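Okay, so here's the structure we're looking at.
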Amino acid sequence: MRASRSHLPATGDVDALLRLVAACRAPAHLPSLRAAHARLLLLLHPSHPSAAPARVKLIQAYAACSALPAAHAVLESSCPLDRGGTTTTAVCFNVLIRALTAASLHRDALRLFVSMRPRGPACFPDHYTYPLALKSCAASKELLLGLQIHSAVAKLGLDANRYVAHSAISMYARCGRPEDAYRVFDGMQHRDVVSWNAMISGFARAGLFERAVEVFKEFVALQCSIPDAGTMASILPAMGNAKAEDILFVRKAFDEMQFKELISWNAMLAIYANNGYHVKAVELFLRMEKDGIGVKPDSVTLATVLPPCGELSAFSVGKRIHENIKRKMMLPNLLLENALLDMYANCGCLKDAREVFDSMSARDVISWTSIISAYGKHGHGREAVDLFEKMLGQGLEPDSIAFVAVLAACSHAGLLDVGKRYFGSMTSRYHITPKAEHYTCMVDLLGRAGCISEAYDFITTMPIEPNERVWGALLQACRIHSNMDIGVVAADSLFRLVPEQTGYYVLLSNMYARAGRWADVTSVRSVMANKGIKKLPGASIVELGDRVHTFHIGDRYHPQSEMIYQKLDELLGRIRGMGYNPEVEATLHDVEEEDKEGHLSVHSEKLAIAFLLINTSPGTPIRVTMNLRTCGDCHFAAKLISTITSREIILKDTNRIHHI
DNA sequence: GTAGGGTTAG
C-alpha cells in the first residue's frame, strides 16, 4: 500500500482508529494522526462513550508529535466529539499542561492553568492539576503564584495528597523558601521515598548542602524505605565539595541498592568526578560495564566519565569510549563531542582533539573554549588566540569561561598586549564582570612578562578581594624574576589568607629566607610542624590497559618495584653519560629544599616512566599525569630518556602538558 | 484517561 493511502484509514472501527492515534508518537506520524483525527470527527457523536477518551488521546498524540498548537486546538474546540461540555473534564487540561511542562514551557502551562477555573466547574483544577502547576511555579520561580496555589489546595483539603505535598516541597525550595519546604515535609503523615527525595533535593537546590546530607543520612538510618535512583540524583548537587566521609556514606548506600538503575550509576559517577576522585570514577565505570545488571551506559554516563579519563590521561579507556560511541551511532551529540574533545586534549592528544573538533557538525562556545584551552595548555598560545578570533568571526559570544581559556593561553605564550586587550574587551564589549580566575590570569600574564610592579598595582586596585591564587601567581612571578620586595608582600598576604594551605609553604619559606627574614622562616616552619602539615605528596598516575597505577615519591609498594628500580638505574646510568647530573640539575633549576631531599629517593614521575617503559612495547607513547608541577630535574631527565628510548613522553602537570 | 523527587561537557 502506498504511504499516502495509509494516511487515510477507511475504517469505521473507532477502536482501531484510537489505537492508531495512540501509536502516533513522533512528528513523522503527524499525517496519519491528522487523517485519523478527521475520521474520528465524522464517526464520533458527542454522546458516544468514546468521545471523551478520544479527545484525551488526540491531545496526547499531538503533544507527542511536537504539535502543541494542534493539541491546544483539540482542547479549545467545542467540537462534535463533546458538544455539551459536561465531559470536558479537567483531564484534557491536565494532559495538555503535562505536555507543556514536559517541553519546559512553564509560562504557557501556568497561563493555561489560571484559565481553568473561570471556565466553570467542569474545568476546575483537580489533584492532578495542582502538582503540575506547582512544578511550573518551581521552574519559573513564581513564588507568589505558588503560595496562592498552595493555600487554595489547603482549602480544598488536597494538601494531604502526597503528589501535591511533594511538588509543594519542591516549589518552596526552588523559590528560595527551604524552611517552608521543610514545614510541608515535616507535616506529612506518611512519607515515602519520593517525600525524602523531594526534601533532599530541596535543600540541595537551595544551597543548604549540609542539611541535604543530614536528611539523606536520616533517611538511610530510618530504614523504612530504601534509597533509589531519585535519592542518588537528589543528593548529587549537594556533593559538589563533599567531605570524604559523606562520599563514603553515599557509596555505601549505593552499594546496598539491590537494583541499581542507570541514573544511580550516573549520579555516583558524577559525585566521584565532581570531587576529584578520578580513579574511583573510572573504576566505577569499568565495573558498571562489567557487572551493571540491565544497564547500558548512555550519553550522560559517558559525558560524566570522560572528564575523569582526561584528568588521568586514561587514553585507552577514553579511546575505547569513543569507539563505542561511534559504533552505537550516538553522534552527532554536542555534549559527547565536547566531552571527547576535552578528554583527548587532557590526555595530551592535541591531534585527536582537533580531529573531533573538525568533525563536528555544530560547535558551541563550549567546543571552542575546549579547543582554545587545549592549544593553550599544549604551549600553542598563538594558535589558541587565532582560534578565539575565529570563534568571534563565527558570531559566537564568548562567555566568562571562554575568556579564562584565552587569557590563560596568552599567559602561556607571553602575549602580554593581546591579553590586556582581551581583558579590557571583556567588560567594555561583552559586559562580563571579571572573576578571580580572570584576575589570576592577568597577574600571571603580567608577572611572567616581568612586569612585577604592574602586577602588584593590578592586585591592589582590583575591585574584588584577591584570593590565594591571585597572590600565588604573584609570588611565583617574584620567584622567577627574583623580586624580593614584592615577593615578601605576596608571601605575607598568602600566609595571612591561607595559613593552612600547604602548597605555598616551601615557596613562602624560601622567599623569607632570601629576604633574610629568619624569624618568619622559623614561624612558617613551626606552623607546619604544629599543624602536622606535610607537603602534598607528589604522585604520578599512569594508565596500563584498563588499570590506573599510582606512584609516590620513593615508592616501593608496587608489585614490580624491583624491576622498576632496576630499569631506572640503568636509564639514569645511561643518561649520566649524556650530561645528566641530578645534583647539578637541582641547583641549576633552583629546586626547592624539600625537593632536594626528594632526590635522595626518587621522584614519582621517574618511577612512572620506568614502569611504562617496562610494560609497553617500543614506540608506544609514555603518558604521565602528576598532581604537582613537574620539577626541572625530572623534565630534563625525561628529555634524555625520551632520546635514548625513542619514546614520545607526554608529561602532564597541574598547569600544562609537556611534549617531550 | 492524567499527577510527585532525579543524572550530562568548557
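We use all heavy atoms of the structure for the numbers below, so side chains are in, but hydrogens, waters and symmetry mates are not. Below, chain A is the first sequence line, B the second, and so on; all start at residue 1. Everything numeric in this text was worked out from a predicted model, so none of it was measured.
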Exercise. What is the distance from CD of A/Glu311 to C1' of B/dA9, rounded to the nearest Å?
Worked result: 13 Å
For this session: Could you check whether A/Tyr163 and the base of B/dG4 form a stacked pair, meaning centres closer than 5.5 Å and planes differing by less than 30°?
Result: no
Exercise. What are the residues of residues 217-224 of chain A, sorted by number, that bring a heavy atom to within less than 4.0 Å of DNA chain B?
Worked result: none
For this session: Would you indicate whether the side-chain heavy atoms of A/Leu145 and A/Gln148 approach each other to under 4.5 Å?
Result: yes
Exercise. Do A/Tyr272 and A/Glu283 come close enough that some side-chain heavy atom pair is under 4.5 Å?
Worked result: no
Exercise. Quick one: does A/Asp364 reach the base of B/dG10 with a side-chain donor-acceptor pair under 3.5 Å?
Worked result: no
Problem set entry | Short side-chain N/O contact to B/dG10 OP1/OP2 from A/Arg363, under 4.0 Å | no
Exercise. Can a side chain N or O of A/Lys135 be found less than 4.0 Å away from OP1 or OP2 on B/dG4?
Worked result: yes
Exercise. Any idea which of B/dG10, B/dG4, B/dG5 is nearest the A/Asp228 side chain?
Worked result: B/dG5
For this session: Scan A/Leu132 against the nucleic acid and name what it touches under 4.0 Å (heavy atoms): base, sugar-phosphate only, or nothing.
Result: sugar-phosphate
For this session: Compare side-chain N and O positions of A/Arg174 against OP1 and OP2 of B/dG4 and report whether any pair is under 4.0 Å apart.
Result: no
Problem set entry | Check against salt bridge (charged side-chain N to carboxylate O under 4.0 Å, His left out), A/Arg320 and A/Glu289 | CA-CA 12 Å; A/Arg320 214 190 65 224; A/Glu289 283 189 315; 2.4 Å; yes
Problem set entry | Residues from residues 251-262 of chain A lying under 4.0 Å of DNA chain B - heavy atoms | none
Exercise. Centroid-to-centroid, A/Phe254 to A/Trp265, below 6.0 Å?
Worked result: yes
For this session: Using a 4.0 Å heavy-atom cut-off across all strands, classify A/Ser201 as base, sugar-phosphate, or nothing.
Result: sugar-phosphate
Exercise. With sugar-phosphate meaning primed atoms plus P, OP1 and OP2, does A/Val404 contact a base, only sugar-phosphate, or nothing at under 4.0 Å between heavy atoms?
Worked result: nothing
Problem set entry | Whole-Å distance separating the CG atom of A/Leu134 from the P atom of B/dT2 | 20 Å
Exercise. Is there a donor-acceptor pair under 3.5 Å between the side chain of A/Asp342 and the backbone N or O of A/Ser370?
Worked result: no
Problem set entry | Cation over ring face, A/Arg211 and A/Tyr182, 6.0 Å, 45° | yes
Exercise. Do A/Tyr163 and A/Val194 have side-chain heavy atoms sitting under 4.5 Å apart?
Worked result: no
For this session: Give A/Ala229 one of three labels, base, sugar-phosphate or nothing, depending on what nucleic acid heavy atoms sit under 4.0 Å from its own.
Result: base
Exercise. Taking CG from A/Asn94 and P from B/dG4, how many angstroms apart are they, rounded to a whole number?
Worked result: 10 Å
Exercise. Could you give the CD-to-C1' distance, from A/Glu397 to B/dG10, as a whole number of Å?
Worked result: 17 Å
Exercise. Can you check whether A/Thr129 reaches A/Phe93 side chain to side chain, under 4.5 Å on heavy atoms?
Worked result: no
For this session: Ignoring backbone atoms, test whether A/Arg191 places a side-chain nitrogen or oxygen under 4.0 Å from the OP1 or OP2 oxygen of B/dG5.
Result: no
For this session: Mind checking A/Thr304 for me? I need base, sugar-phosphate or nothing, with any heavy atom below 4.0 Å counting as a touch.
Result: sugar-phosphate
Exercise. Once you round it to whole Å, what is the distance between P of B/dG4 and CZ of A/Phe185?
Worked result: 19 Å
Exercise. At under 4.0 Å between heavy atoms, what does A/Arg98 touch on the DNA or RNA strands: base, sugar-phosphate, or nothing?
Worked result: sugar-phosphate
Problem set entry | Any residue of residues 329-359 of chain A with a heavy atom less than 4.0 Å from an atom of DNA chain B | A/Leu334, A/Leu335, A/Asn338, A/Asp342
For this session: Round to a whole Å and report the spacing from CG of A/Asp126 to P of B/dG4.
Result: 13 Å
For this session: Give one of base, sugar-phosphate or nothing for A/Ile401, where a contact means two heavy atoms less than 4.0 Å apart.
Result: base
Exercise. Any donor-acceptor pair under 3.5 Å linking the side chain of A/Arg191 with the backbone of A/Phe185?
Worked result: yes
For this session: Taking the six-membered ring for Trp and the full ring for Phe, Tyr or His, determine whether the centres of A/Phe403 and A/Phe388 are under 6.0 Å apart.
Result: yes
For this session: Figure out the NE2/P separation between A/His127 and B/dA3, and round it to whole Å.
Result: 12 Å
For this session: Compare all side-chain heavy atoms of A/Asp298 with those of A/Asn266 and state whether any distance is below 4.5 angstrom.
Result: yes
For this session: Establish, yes or no, whether a centroid distance under 6.0 Å links the rings of A/Trp196 and A/Phe216.
Result: no
Exercise. Where the side chain of A/Val300 is defined as all heavy atoms beyond and including C-beta, which of B/dG6, B/dA3, B/dT8 is the nearest nucleotide?
Worked result: B/dT8
Exercise. If you check every side-chain atom of A/Asp192, which of B/dA9, B/dG4, B/dT8 has the closest atom?
Worked result: B/dG4
For this session: Could you tell me whether the side chain of A/Met360 reaches within less than 4.5 Å of the side chain of A/Asn338, counting heavy atoms only?
Result: yes
Exercise. Rounded to the Å, how far apart are A/His106 NE2 and B/dA3 C1'?
Worked result: 15 Å
Exercise. Side chains of A/Tyr375 and A/Arg354: does their closest heavy-atom pair fall under 4.5 Å?
Worked result: yes
Exercise. With distance as the sole criterion, do the side chain of A/Ser167 and the base of B/dG4 form a donor-acceptor contact below 3.5 Å?
Worked result: no
